Amino acid sequence: MSARKLAAGLGACAALLAATAGCGGSAPSGAAGAAAGRDSGPVRIGALHPVSGANAVDGQQMRRGAQMAVDAINAAGGITSLGGRKVKLETGDTQGKAEVGQSEAQRLISEGAVGLVGTYQSAVSTNVSVVAERNRVPFVMDVTASDAIFSHGYRYSFRVQPGSAAIADAAARYLKEVSEKAGRPVRKVAFLHEQTDFGSGAAEAFAKAAKRLGIQVGPNISYDAVTASDLTAQITQVKASGADVLAVAGYYRDGLLAAKAINAVKPNLNAVWGVSDGAFDQPKFVSDVGALGERYFSTNYHYDAKNPATVKLRAEYQKRYGAPMRTGAVLAYDAVQVIAQGVERAASTDPEKVRAAIAGSQVQPLTVGTGPIAFAPNGDDKNALPVLMQVQNGQIKQVYPQDKAESQPNYSVTWRP
């Protein structure tokens, strides 16, 4: 993130803190009512996702994943340290809008949520993190790529996925290693990204990592994911640049647009390389674009396809909802488990005690990692690991690093649409 954007973000956060009660330290006026709501009845966990709007499919998936975690906790006896109290998921629809996410977060906290999970979009999580900090309620982010939130010194923000810089660094490193092993070392990367902090942050972090590895990056091409209806002009720029790899960071709908534009323009590429992209590692992407997406790569967080517990959970999701369980839903499941185990360890619904328990907890994830979910001082999961995936014969496969691979990366033949 640029200094200008970071300064603007800090100013916005300060303004939001002031708007929610002044940057002092007293608890909000609704705190007493919220505390009363936590003392009896089910343990409430708030889930904030976009279940309407452009990202509603992902939001609905994540809400379902969170509910499945609650169901599993209750089936196992609830919170045993609190006498078996059951857990209840309280939900809010962010509509994909930062200001709506902010107000919904405050509502859920006021109604007694002991913690929050969400939100799928970095811009929304930015506002929710401020609300959580102001109310001293833990906020465990399931899908939020932006690293800026974790640069403010917040104590109540946590994240179970790897951040933008970690994914971008891995994407550059994996690209260099995979292309060299294939005998086609990457020469020049064009980067296509949506224009908010998520996409811009991914592009900037990738460019820095690539520079350290001696990889040329350019042009850097942005677009508005909300209003874009065609990306042909942007892909034409990529073709004219002579880049041999196209890196992409966007959401699902614009990922489809990119695939269609690539097929129409036919740039001379060795690989299409997703960086935190919301489309290329989704089973629905394969069914929606068919052969157009064959051999697309994606460096991202991902459910652990080699973990039997993850396989079982995804089979149950398929049985319940008739659709493949996406990684976002698995991360939402993990995030709810983090809060529930924090309550269990704290033997309390006091959010500050729960926060302390979460900070020192270790939770076994269902996503790819190098160990249990365990948080660094800034709230990041220090064991989260980006993995490289590829569409191979109509299926999403983990292909790198080697110890996480289901099959080998196919970079050996010049890629053509």
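This one's a predicted model, so the numbers in the text were calculated from it and none came from an experiment.
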Without placing hydrogens or testing angles, list every side-chain donor-acceptor pair under 3.5 Å for residues 304-313, not counting sequence neighbours.
residue	atom	partner	partner atom	Å
D304	OD1	K306	N	3.1
N307	OD1	A309	N	2.9
T310	OG1	L366	O	2.9

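When all heavy atoms of A166 and P162 are compared, the closest pair comes out as CB-CB, 4.3 Å. Of all heavy-atom pairs between S241 and V238, the closest is OG-O, 2.6 Å. N127 and Q102 make their closest contact through ND2-OE1, 3.1 Å (heavy atoms, listed as atom of the first residue, atom of the second, distance). Taking every heavy atom of both residues into account, F198 and S122 meet most closely at CB-OG, 4.2 Å. Shortest non-hydrogen contact noted between P283 and I396 is N-CG1, 4.3 Å. The shortest non-hydrogen separation linking R155 to F158 is O-CZ, 3.9 Å.
The salt bridge (Lys or Arg N to Asp or Glu O under 4.0 Å) check on E90 picks up R44, K88, with sequence neighbours excluded. Partners of R320 under the salt bridge (Lys or Arg N to Asp or Glu O under 4.0 Å) rule, at least two apart in sequence or in another chain, are D71, E316. When the salt bridge (Lys or Arg N to Asp or Glu O under 4.0 Å) test is applied to E194, no partner is found at least two apart in sequence or on another chain. With sequence neighbours excluded, the residues forming a side chain to side chain donor-acceptor pair (under 3.5 Å) with T119 are S125, listed by chain and number.
Each of V391, T299, V248 was compared with F280 under the side-chain contact (heavy atoms from CB on, under 4.5 Å) criterion, and only V248 meets it. Evaluated for a side-chain hydrogen bond (donor to acceptor under 3.5 Å, both in side chains) with H49, the options D93, T91, D142 yield exactly one hit, D142.
The CZ atom of R212 lies 5.5 Å from the CG atom of D169; values are rounded to the nearest 0.5 Å. Taken to the nearest 0.5 Å, the CD1 atom of I73 stands 6.0 Å off from the CD1 atom of I79. Rounding to the nearest 0.5 Å gives a distance of 9.0 Å between CD of Q121 and OG1 of T144. The distance from atom CD of Q362 to atom CG of D381, rounded to the nearest 0.5 Å, is 10.0 Å. To the nearest 0.5 angstrom, Q364 atom CD is 10.0 Å from D334 atom CG. Interatomic distance, OG1 of T367 versus CD of Q161, reported as 9.5 Å (0.5 Å rounding).
No donor-acceptor pair under 3.5 Å is formed between the side chain of Y400 and the backbone N or O of E177. With Q398 contributing its side chain and S407 its backbone, the two residues share no donor-acceptor pair below 3.5 Å. Counting only distance, with no hydrogens or angles, the side chain of S81 and the backbone of E344 share a donor-acceptor pair below 3.5 Å. Side-chain N or O atoms of Q61 include one that pairs as donor or acceptor with a backbone N or O of P324 at under 3.5 Å. N74 contributes a side-chain N or O that, together with a main-chain N or O of V87, makes up a donor-acceptor pair within less than 3.5 Å. In this structure, S179 contributes its side chain and V186 its backbone to a donor-acceptor pair below 3.5 Å. At distances below 3.5 Å, not a single donor-acceptor pair connects side-chain atoms of R159 with backbone N or O atoms of F150. Judged by distance alone, with hydrogens and angles left aside, the side-chain atoms of K404 form no donor-acceptor pair with the main-chain N or O of V387 at under 3.5 Å. Under the 3.5 Å distance criterion, the side-chain polar atoms of Q318 are left unmatched by any main-chain donor or acceptor of M325. The backbone N or O of K188 lies less than 3.5 Å from a partner atom in the side chain of D244, making a donor-acceptor pair.
Using a 4.5 Å cut-off on side-chain heavy atoms (C-beta onward), I235 and P267 make contact. Side chains of M141 and I149 form a contact here, defined as non-hydrogen atoms less than 4.5 Å apart. Contact of the S348 side chain with the V354 side chain is not registered, since no non-hydrogen atoms from C-beta on lie closer than 4.5 Å. Residues M68 and Y321 are in side-chain contact: their nearest non-hydrogen atoms beyond the backbone lie under 4.5 Å apart. Contact check for V143 versus Y301: side-chain heavy atoms found under the 4.5 Å cut-off. With a 4.5 Å cut-off on side-chain heavy atoms, N135 and Q106 count as touching. Two residues are said to be in side-chain contact when any heavy atoms from C-beta on lie closer than 4.5 Å; P401 and Y174 meet this criterion. In this structure, the side chains of V114 and I45 come closer than 4.5 Å at one or more pairs of heavy atoms.
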Query raised in the report: Stepwise, does the side-chain contact (heavy atoms from CB on, under 4.5 Å) test hold for V137 with Y156?
Result: CA-CA 6 Å; V137 170; Y156 292 85; 5.7 Å; no

Report task. Take E352 and R355 through the test salt bridge (Lys or Arg N to Asp or Glu O under 4.0 Å) and record every step on the way to the result. Result -> CA-CA 5 Å; E352 295 198 48; R355 180 260 163 217; over 6 Å; no

Report task. Test T349 against R85 for side-chain contact (heavy atoms from CB on, under 4.5 Å), laying out the working first. Result -> CA-CA 11 Å; T349 55; R85 279 177 65 180; 3.9 Å; yes

Query raised in the report: Please walk me through it: do Q216 and R187 pass side-chain contact (heavy atoms from CB on, under 4.5 Å)?
Result: CA-CA 7 Å; Q216 181 183 355; R187 180 177 49 80; 5.7 Å; no

**Report entry** V275/F191 under side-chain contact (heavy atoms from CB on, under 4.5 Å): CA gap, chis, key distance, verdict
**Finding:** CA-CA 9 Å; V275 182; F191 206 114; 4.0 Å; yes

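The aromatic rings of W273 and F297 are tilted relative to each other, their planes meeting at an angle between 30° and 60°.
Around the NZ atom of K211, the shell of radius 6.0 Å holds no more than 12 heavy atoms that belong to other residues, nucleotides or ligands. Within a 6.0 Å sphere centred on CG of N393, other residues, nucleotides and ligands contribute 12 heavy atoms or fewer.
In summary, the side chains of T327 and N300 do not present any donor paired with an acceptor at a separation below 3.5 Å, with no hydrogens or angles considered. For the 3.5 Å distance criterion, the side chains of S157 and E133 fail to qualify, holding no donor opposite an acceptor. Checked by atom type, the side-chain pair Y251/N55 shows no donor-acceptor distance below 3.5 Å.
Identified under the salt bridge (Lys or Arg N to Asp or Glu O under 4.0 Å) test for residues 51-70, with sequence neighbours left out: D58-R326.
Here Y296 and F285 bring their ring centres to under 6.0 angstrom of each other.
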